[in-house]
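These figures come from a predicted structure and were not determined experimentally.
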Amino acid sequence: MARPPLKPSRYQRSKKLNRHIGERLCRAREADGYAVADFARKLGVSEDVVSDIEAGILEISPIDLLDLATLLNRELGYFFEGYEDDA
């Protein structure tokens, strides 16, 4: 008897969502003409932090995501557009 496919774990789903949000952040930052260094300075963080968020390595808190949306003049939902959950 064949086993049903395993659902992705919460960890895998979280990593996928972090990568998606990071990609959307990168697109918005670049569309607004910010270099990583300039954007990091505006946020008061290091370039490594911005790079790690964009790469999906660092998970961003909801309040920080809201601040980014405001800074980039985007709706909060912008960061989730096109995301498909595998659950």
Measure the spacing between [atom1] of [X] and [atom2] of [Y] and express it to the nearest 0.5 Å.
X	Y	atom1	atom2	answer
E54	N18	CD	CG	13.0 Å
D86	L17	CG	CG	11.0 Å
R41	E47	CZ	CD	7.5 Å
I60	L66	CD1	CG	10.0 Å
E59	L65	CD	CG	10.5 Å
L76	D67	CG	CG	10.5 Å

Does D32 form a side-chain contact (heavy atoms from CB on, under 4.5 Å) with F39? I'd like the steps, not just the answer. CA-CA 10 Å; D32 286 3; F39 194 65; over 6 Å; no

Going hydrophobic residue to hydrophobic residue with side-chain gaps under 4.5 angstrom, can you get from I57 over to L43? no

Please determine whether the number of non-hydrogen atoms from other residues, nucleotides or ligands lying under 6.0 Å from atom [atom1] of [X] exceeds 12.
X	atom1	value
N73	CG	no
E84	CD	no
K16	NZ	yes

Is it the case that the side chain of [X] and the backbone of [Y] share a donor-acceptor pair, with hydrogens and angles ignored and the cut-off at 3.5 Å?
X	Y	value
R19	G56	no
S14	R10	no
H20	E81	yes

Does R24 make a cation-pi contact with Y78, if we ask for NZ or CZ under 6.0 Å from the ring centre and within 45° of the axis? yes

Derivation of the side-chain contact (heavy atoms from CB on, under 4.5 Å) call for V36 and R29: CA-CA 8 Å; V36 172; R29 176 185 58 75; 3.5 Å; yes

Would you mind reporting whether L68 and F79 have side-chain heavy atoms less than 4.5 Å apart? yes

